[in-house]
Amino acid sequence: MLRTFANIVAAIAVMFLAILGMVKAGGWYLDAEERQVRDGVKDPRTAILPVLER
């Protein structure tokens, strides 16, 4: 019983960490994308989010 509960808790923790990692990686990618467009590395037409001129 206790072992089953521990396995369920461990599985939930692993899934939570995986989702958190995907969210952080996605945020990092989108944050870097604006800088890449401004530096001329990436084509603005292929950007996921629009890059506004300030």
- Partners passing salt bridge (charged side-chain N to carboxylate O under 4.0 Å, His left out) against Arg45 (at least two apart in sequence or in another chain): Asp43

- Residues that, via side-chain heavy atoms closer than 4.5 angstrom, fall in one hydrophobic cluster with Met15: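 Other cluster members: Ile8, Ile12.
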
- Hydrophobic cluster partners of Val14 (side-chain heavy atoms under 4.5 Å):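 Noted: Val14 shares its cluster with no other residue.
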
- State which residues pass side-chain contact (heavy atoms from CB on, under 4.5 Å) with Val41; sequence neighbours excluded, sorted by chain then number.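 side-chain contact (heavy atoms from CB on, under 4.5 Å) list for Val41, sorted by chain: Gln36, Asp39.
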
- What pairs of residues pass the side-chain hydrogen bond (donor to acceptor under 3.5 Å, both in side chains) test when at least one of them lies in residues 16-29, not counting sequence neighbours? Tyr29-Lys42

